[in-house]
K.L.:
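Before anything else, here's the structure in question.
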Amino acid sequence: MNTREQTSPLYTQIYNIVCQIPPGKVATYGQVAKLVGGCTARMVGYALSALKDGRDPNVPWQRVINAQGRISMHGVGSSIQRMILEEEGIEFDQTDSIDFRKYLWDF
DNA sequence: CGGCTGACTCTGG
DNA sequence: TCCAGAGCCAGCC
């Protein structure tokens, strides 16, 4: 599927990658950015922010976290997000960080 | 076409 | 562990 290059908004490409993240795993912005290619970590974050538009509610943006292993979201959704990740089987530590050794998306 | 905003990452202290 | 500064680009009005 990733062989399909779309010239649509770069955001669509990012959503596509995020959708490929398997359950119980998480990916960092830089990780997704690299898969998209030519995209930077910021673009991923900005792209996900655009999701609020409701264009792709199916995108598991919650599985995308920052390089610190924590949720970068500003809004109250961060609490919700953590709950969702726990539902996926991901555990948080005392600092609200995720254990990359086991949960980082390894393709 | 110009300017503002935004959910990042890295390095150093 | 926390904080600050710099680099970077795509949408939207």
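Proteins come first, then strands; the chains are lettered A, B, ... in the order of their sequence lines, and each starts at number 1.
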K.L.:
So does A:Pro23 get a backbone contact from the side chain of A:Glu88, meaning a donor-acceptor N/O pair under 3.5 Å?
P.N.:
no
K.L.:
Rounded to the Å, how far apart are A:Gln68 CD and C:dA4 C1'?
P.N.:
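The distance from CD of A:Gln68 to C1' of C:dA4 comes to 13 Å, rounded to the nearest Å.
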K.L.:
Please answer whether the main-chain N or O of A:Asn16 pairs with a side-chain N or O of A:Gln20 as donor and acceptor at a distance below 3.5 Å.
P.N.:
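Side chain of A:Gln20 to backbone of A:Asn16, a donor-acceptor pair under 3.5 Å: yes, one is there.
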K.L.:
Taking a pair as Watson-Crick or G-U wobble with both distances under 3.5 Å, which nucleotide is matched to C:dA10?
P.N.:
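With both distances under 3.5 Å, C:dA10 matches B:dT5.
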K.L.:
Hey, where on DNA chain B does chain A first and last touch, going 5' to 3'? Cut-off is any atom under 4.0 Å from a heavy atom.
P.N.:
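Counting from the 5' end, contacts occupy B:dG6 to B:dC10.
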K.L.:
Can you list the steps and then say if A:Ile14 with A:Val64 is a side-chain contact (heavy atoms from CB on, under 4.5 Å)?
P.N.:
CA-CA 11 Å; A:Ile14 296 169; A:Val64 184; over 6 Å; no
K.L.:
Expressed as a whole number of angstroms, how long is the span from A:Ile14:CD1 to C:dC9:P?
P.N.:
14 Å
K.L.:
Find the distance A:Asn66:CG to C:dC3:P and express it as a whole number of Å.
P.N.:
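Taking CG of A:Asn66 and P of C:dC3, I get 14 Å after rounding.
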K.L.:
Examine distances only and state if a side-chain atom of A:Tyr11 and a backbone atom of A:Leu51 form a donor-acceptor pair shorter than 3.5 Å.
P.N.:
no
K.L.:
Nearest whole angstrom, please: distance from the P of C:dA10 to the CG of A:Leu10.
P.N.:
7 Å
K.L.:
In this structure, how many angstroms lie between the P atom of C:dC2 and the CD atom of A:Gln94, rounded?
P.N.:
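Whole-Å distance recorded here is 12 Å.
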K.L.:
With nearest nucleotides of DNA chain B determined for A:Ile65 and A:Met43 from heavy-atom distances, which residue corresponds to the more 5′ nucleotide?
P.N.:
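Whichever sits nearer the 5' end wins; that is A:Met43.
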K.L.:
Only one of A:Ile21, A:Leu48, A:Val44 forms a side-chain contact (heavy atoms from CB on, under 4.5 Å) with A:Trp61, so which one is it?
P.N.:
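It is A:Leu48; the other options fail the test.
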K.L.:
Step by step, would you call A:Phe92 with A:Arg70 a side-chain contact (heavy atoms from CB on, under 4.5 Å)?
P.N.:
CA-CA 9 Å; A:Phe92 285 76; A:Arg70 301 188 193 146; over 6 Å; no
